Structures are given as C-alpha cells and as structure tokens.
**Student:** 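Let me begin by handing over the structure; questions about it come next.
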Amino acid sequence: MEPGTAAGRRRRTSRSRRTVLAALICGAVVLPLSGAARPEIPAPAPAAPAAPTAGTLDEAYAAHRANAAEASRMAAAHGDHRRATADRSMADPSRRLLAFDGRGAGLATEVLGDLAHADRVAVLVPGSDTSLDTYGRFRAAALALHRRLTVDAPEGTRTAVVAWLGYETPGTVSTTVATTGRADRAAPKLRALVDVLRGITGPAARFSLLCHSYGSVVCARAAEGADVTDIALVGSPGTGADSASGLRTSARVWAARGADDWVEHVPHLGADLFGTTVGFGTDPVSPGFGARVFAAGDGGHSDYFDPGSVSLRNLARIALGDITEVTQ
C-alpha cells in the first residue's frame with residue numbers, strides 16, 4: 001500500500017490515536033487531570049432483601065427495580081434528567097436486577113436468562129468508565145453474549161449472563177486506572193457474587209468470568225478462591241501478576257487482544273512510585289504469561305462483544321465449556 005493513499009493515511013492516523021491514548025493513560029499516573037467533580041446525585045440507599053434463592057429471585061428483582069424507580073424520581077427532582085432516564089430504564093418490569101445502587105456513579109448487577117435453572121453462567125466484568133450513565137453499552141455486550149450463548153448452547157443446556165457493575169470503575173484517564181487499588185477493593189465483592197450465584201443455581205452449574213480491560217485486573221485479583229471454571233481476559237493491560245500461575249486459580253485462564261486494540265501500546269511494566277504500584281506487569285497474551293491465547297479478530301478495544309465477531313464466538317465457546325472449538 002502506498003504511504004500517500006487514503007488507506008495508508010487512515011492506518012497512520014489509527015496508530016497515532018492509539019499511541020496518544022496510551023500516553024494519556026500512562027501520563028495520568030503522575031499528572032492527574034484537574035476538573036470539577038460531578039455533583040452528587042441523590043438516590044435512596046440500596047434495597048436489602050434477604051440473600052436470594054432460586055425460589056425468591058422474583059422478589060429480589062422486584063425490590064431492586066422499585067429502588068431504581070425511586071432513584072429515577074429523585075434524580076429527576078434534582079434536575080439530572082440523564083441519570084433519571086438511566087434509572088428509569090433499570091426499573092422497567094422486564095429487568096432482572098440482583099443489585100442496584102443509584103448513589104454516586106452507581107452500581108448494578110443484572111441477570112439475562114433464567115439464572116435459577118442455568119447450567120452455564122457467564123459473569124461479565126467491565127473496565128474503566130462504566131457507570132449507570134454509560135451502562136447501556138455494557139448491557140449491549142451482555143445481551144450480545146446472551147444471544148450467542150442461546151444460539152450455540154447444545155440442546156438441553158441452559159445459560160445465563162450476569163452483567164456485574166459491582167465496583168467503582170476508574171476513569172480511562174485518571175490516577176486510578178494504572179494501579180490495582182480499585183481492583184483490590186472490588187475482588188472480594190466479585191468472589192462474594194459468585195458465591196451468591198452458586199447458592200441460586202446449585203453446585204452443578206459451571207461459571208466463567210469474562211473480563212474486559214481494567215475488569216481483567218479485578219478478575220485477576222479475585223481469581224484465588226473464586227469458584228469458576230474459566231477466566232477470560234480481553235483487552236487487558238495486565239493483571240498485576242507475572243504469569244497465569246501467579247493468579248493461584250484452578251480455572252483455565254484465557255487471554256485475547258484485537259488487532260486494532262490500543263491497549264497493546266500500554267507499557268507492560270510495574271513500578272513503585274510514591275508507595276503505589278503503577279502498571280500491571282506481564283502482557284497476558286505474551287507466551288511468558290502462560291494463558292490460553294485465543295483469536296479476537298481485527299477489532300478495537302470496545303469491539304470484543306460485537307455481534308458476529310470472532311472474539312464473541314470464542315468467548316461464548318469458553319463460557320459453554322466448548323474449549324476444543326476455541327480458535328487460536
């Protein structure tokens with residue numbers, strides 16, 4: 001391809017954009033951005049029903065929907081119509097919420113499918129910049145995976161997807177995105193979620209963690225002690241561990257990165273700065289890490305769950321335990 005062609009210019013522009021994004025992320029560690037914080041949005045305390053069982057799921061869903069409806073009313077009265085709309089969507093009768101907290105950036109855990117009778121459960125863990133305000137794009141990924149699982153599951157295999165926005169995600173350009181602090185605080189919550197889900201489904205169900213971007217750091221910190229069979233890391237900046245064995249899990253550990261994912265340009269290192277460990281160490285798709293590397297196609301950082309994509313097909317196969325069909 002000639003350097004002066006339109007395609008060549010687009011390729012150079014894409015490379016430049018990825019390099020700039022990586023530089024911004026690294027620079028944010030020592031050069032925090034200043035700016036006004038988003039005003040606090042009033043919301044009720046989360047509903048606190050008893051730990052759900054297969055027989056009480058509907059009651060739990062209803063309690064959290066009611067909380068979301070109240071949060072919507074409070075946000076509207078406060079003048080935040082964007083959040084009011086997001087909360088109102090969560091309160092729709094069709095939504096199956098295992099948790100909801102409208103305060104601050106917001107937290108939510110949503111179920112897609114029949115969790116009580118599921119044989120295979122995939123838990124999605126999001127990366128940076130995911131909140132109630134941006135929840136729609138995270139839910140779109142969960143929906144795409146659920147549809148793929150429904151199509152690909154063998155006859156008689158029942159599936160569910162759990163979209164877990166259960167921690168305060170860092171901003172893409174922030175002091176927190178290059179450290180494990182948020183992940184360390186999130187990891188016990190993720191392990192607790194798996195235990196709750198296990199109490200609903202029973203011991204025969206098989207669980208997988210599908211972890212995107214900074215969410216892969218969360219999954220890595222939660223891996224030891226999490227009762228799951230597979231952990232898939234996509235678009236990962238690293239895990240904070242030098243190798244898959246360093247995660248101290250009996251689960252199969254998978255990793256993939258799309259050909260156009262800018263996270264490739266984030267330096268894979270770890271350093272102690274001012275008492276804080278910065279960076280996440282070994283690249284999970286490198287041979288030295290020891291994960292099972294699978295194909296993710298030509299997509300970018302936000303494309304792993306795109307319908308019809310190579311990455312989505314392989315993630316569904318991992319979640320279904322169909323590991324011989326995962327393409328390398």
Side-chain angles (χ1 to χ4, degrees), residues 49 52-65 67-68 86-101 106-127 130-132 134-154 156-167 169 189-190 193-194 196-202 205-212 215 218-219 228-232 234 302-309 311-322:
T53 66
T56 64
L57 268 179
D58 287 343
E59 288 86 348
Y61 294 156
H64 295 300
R65 286 196 303 265
N67 188 271
D87 291 344
R88 186 165 56 251
S89 176
M90 301 294 278
D92 186 272
S94 65
R95 306 295 280 268
R96 298 171 172 174
L97 302 180
L98 272 182
F100 178 84
D101 186 348
L107 303 173
T109 302
E110 183 172 8
V111 175
L112 304 174
D114 183 0
L115 179 61
H117 301 98
D119 304 299
R120 293 277 176 176
V121 180
V123 179
L124 266 62
V125 181
T130 309
S131 66
L132 288 182
T134 62
Y135 183 81
R137 67 190 185 194
F138 178 47
R139 186 172 192 263
L143 284 168
L145 176 65
H146 185 239
R147 293 186 188 109
R148 186 79 254 174
L149 290 175
T150 301
V151 170
D152 292 350
T157 298
R158 296 161 294 190
T159 64
V161 172
V162 178
W164 184 71
L165 175 56
Y167 76 108
T169 68
K189 299 176 184 178
L190 180 54
L193 171 75
V194 174
V196 168
L197 298 176
R198 176 71 67 192
I200 295 169
T201 63
R206 295 292 178 264
F207 287 77
S208 58
L209 300 179
L210 308 185
C211 321
H212 177 241
V218 176
C219 289
V228 299
T229 57
D230 293 271
I231 301 173
V234 293
S302 301
D303 301 334
Y304 291 97
F305 293 89
D306 281 1
S309 64
S311 54
L312 181 62
R313 288 199 300 273
N314 278 330
L315 286 166
R317 289 163 178 161
I318 291 169
L320 290 169
D322 194 8

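By convention here, the first residue in the shown sequence is residue 1. Note that the structure is predicted; figures quoted are calculated from it, not measured. Both backbone and side-chain heavy atoms feed into the values below; hydrogens, waters and symmetry mates do not.
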**Student:** Where does the angle between the aromatic ring planes of Trp164 and Tyr167 fall among parallel (under 30°), tilted (30 to 60°) and perpendicular (over 60°)?
**Tutor:**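 Ring orientation, 0 to 90° scale: parallel.
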**Student:** In Å, rounded to the nearest 0.5 Å, how long is the span from CG of Leu209 to CG of Leu190?
**Tutor:**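 Here the rounded value is 5.5 Å.
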**Student:** Can you find a pair of side-chain heavy atoms, one from Pro52 and one from Val196, that are under 4.5 Å apart?
**Tutor:**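 In contact.
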**Student:** Measure across Gly308 and Arg313 and return the closest heavy-atom pair with its distance rounded to 0.1 Å.
**Tutor:**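 That would be O-NH1, 2.9 Å.
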**Student:** Kindly determine whether Leu210 and Val125 satisfy side-chain contact (heavy atoms from CB on, under 4.5 Å), including the steps that lead there.
**Tutor:** CA-CA 6 Å; Leu210 308 185; Val125 181; over 6 Å; no
**Student:** So His212 and Phe138, side-chain contact (heavy atoms from CB on, under 4.5 Å) or not? Walk me through it.
**Tutor:** CA-CA 10 Å; His212 177 241; Phe138 178 47; over 6 Å; no
**Student:** Quick one: list whatever passes side-chain hydrogen bond (donor to acceptor under 3.5 Å, both in side chains) with Ser309, sequence neighbours left out.
**Tutor:**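 Counting only residues at least two positions away or on another chain, Ser309 forms a side-chain hydrogen bond (donor to acceptor under 3.5 Å, both in side chains) with Ser311.
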**Student:** Roughly how far, to the nearest 0.5 Å, is the CG atom of Leu124 from the CZ atom of Phe305?
**Tutor:**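 Reported value, rounded in 0.5 Å steps: 4.5 Å.
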**Student:** Grab the two heavy atoms, one from Ala316 and one from Arg148, that are nearest each other, plus how far apart they are.
**Tutor:**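 Nearest heavy atoms, Ala316 then Arg148: CB-CG, 3.4 Å.
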**Student:** Tell me yes or no: between the side chains of Ser302 and Arg137, is some donor less than 3.5 Å from an acceptor?
**Tutor:**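 No pair is found: no donor N or O on one side chain lies under 3.5 Å from an acceptor on the other.
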**Student:** Scan side-chain atoms only and decide if Asn67 and His64 contain a donor-acceptor pair under the 3.5 Å cut-off.
**Tutor:**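 No, His64 and Asn67 have no side-chain donor paired with an acceptor closer than 3.5 Å.
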**Student:** Would you say that Tyr61 contacts Arg95 through its side chain, given a criterion of any heavy-atom pair below 4.5 Å between the two side chains?
**Tutor:**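 No, too far: nothing below the 4.5 Å cut-off.
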**Student:** Which heavy atom of Pro126 sits nearest a heavy atom of Leu165, and at what distance?
**Tutor:**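 Pro126 and Leu165 have their closest heavy atoms at CG-CD1, 4.2 Å.
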**Student:** Contact between Phe207 and Asp230 at the side-chain level, heavy atoms closer than 4.5 Å - yes or no?
**Tutor:**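 With C-beta onward as the side chain, the pair stays apart.
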**Student:** Does the side chain of Leu98 come within less than 4.5 Å of Leu57's, by heavy atoms?
**Tutor:**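 In contact.
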**Student:** I need the Leu115 CG to Arg96 CZ distance, nearest 0.5 Å.
**Tutor:**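 Interatomic distance, Leu115 CG to Arg96 CZ, rounded to 0.5 Å: 9.0 Å.
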**Student:** Rounded to the nearest 0.5 Å, what separation is found between the OG1 atom of Thr157 and the CG atom of Asp152?
**Tutor:**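 Thr157 atom OG1 to Asp152 atom CG measures 11.5 Å (nearest 0.5 Å).
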**Student:** Decide yes or no for Val121 and Arg206: does some side-chain heavy atom of the first lie under 4.5 Å from some side-chain heavy atom of the second?
**Tutor:**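 In short, these two side chains do not touch, never coming nearer than 4.5 Å.
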**Student:** Can you name the closest pair of heavy atoms from Arg120 and Ala319 and give their distance?
**Tutor:**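 Shortest heavy-atom contact: CD-O, 3.2 Å.
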**Student:** Rounded at 0.5 Å granularity, tell me how far NZ in Lys189 sits from OG1 in Thr109.
**Tutor:**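 It is 10.5 Å, given to the nearest 0.5 Å.
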**Student:** Where is the tightest heavy-atom contact between Thr159 and Ala118, given as atom of each residue plus distance?
**Tutor:**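 Minimum heavy-atom contact is C-CB, 4.1 Å.
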**Student:** What residues, two or more places apart in sequence or in another chain, satisfy salt bridge (Lys or Arg N to Asp or Glu O under 4.0 Å) together with Asp306?
**Tutor:**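 Partners of Asp306 by the salt bridge (Lys or Arg N to Asp or Glu O under 4.0 Å) criterion come out as none, since no residue qualifies.
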**Student:** Can you list the steps and then say if Thr53 with Ile200 is a side-chain contact (heavy atoms from CB on, under 4.5 Å)?
**Tutor:** CA-CA 5 Å; Thr53 66; Ile200 295 169; 5.7 Å; no
**Student:** Show every side chain to side chain donor-acceptor pair (under 3.5 Å) that has at least one partner inside residues 138-147, sequence neighbours left out.
**Tutor:**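 Found Glu110-Arg139.
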**Student:** So do Val218 and Cys211 actually touch side chain to side chain, heavy atoms under 4.5 Å?
**Tutor:**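 No, their side chains stay 4.5 Å or more apart.
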**Student:** Write down the atom of Ala232, the atom of Ile318, and the distance for their closest heavy-atom approach.
**Tutor:**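 In this case the closest contact between Ala232 and Ile318 is CB-CD1, 4.4 Å.
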**Student:** Quick one: CG on Leu107 to OG1 on Thr130, what's the gap to the nearest 0.5 Å?
**Tutor:**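 Result: 11.5 Å between the selected atoms.
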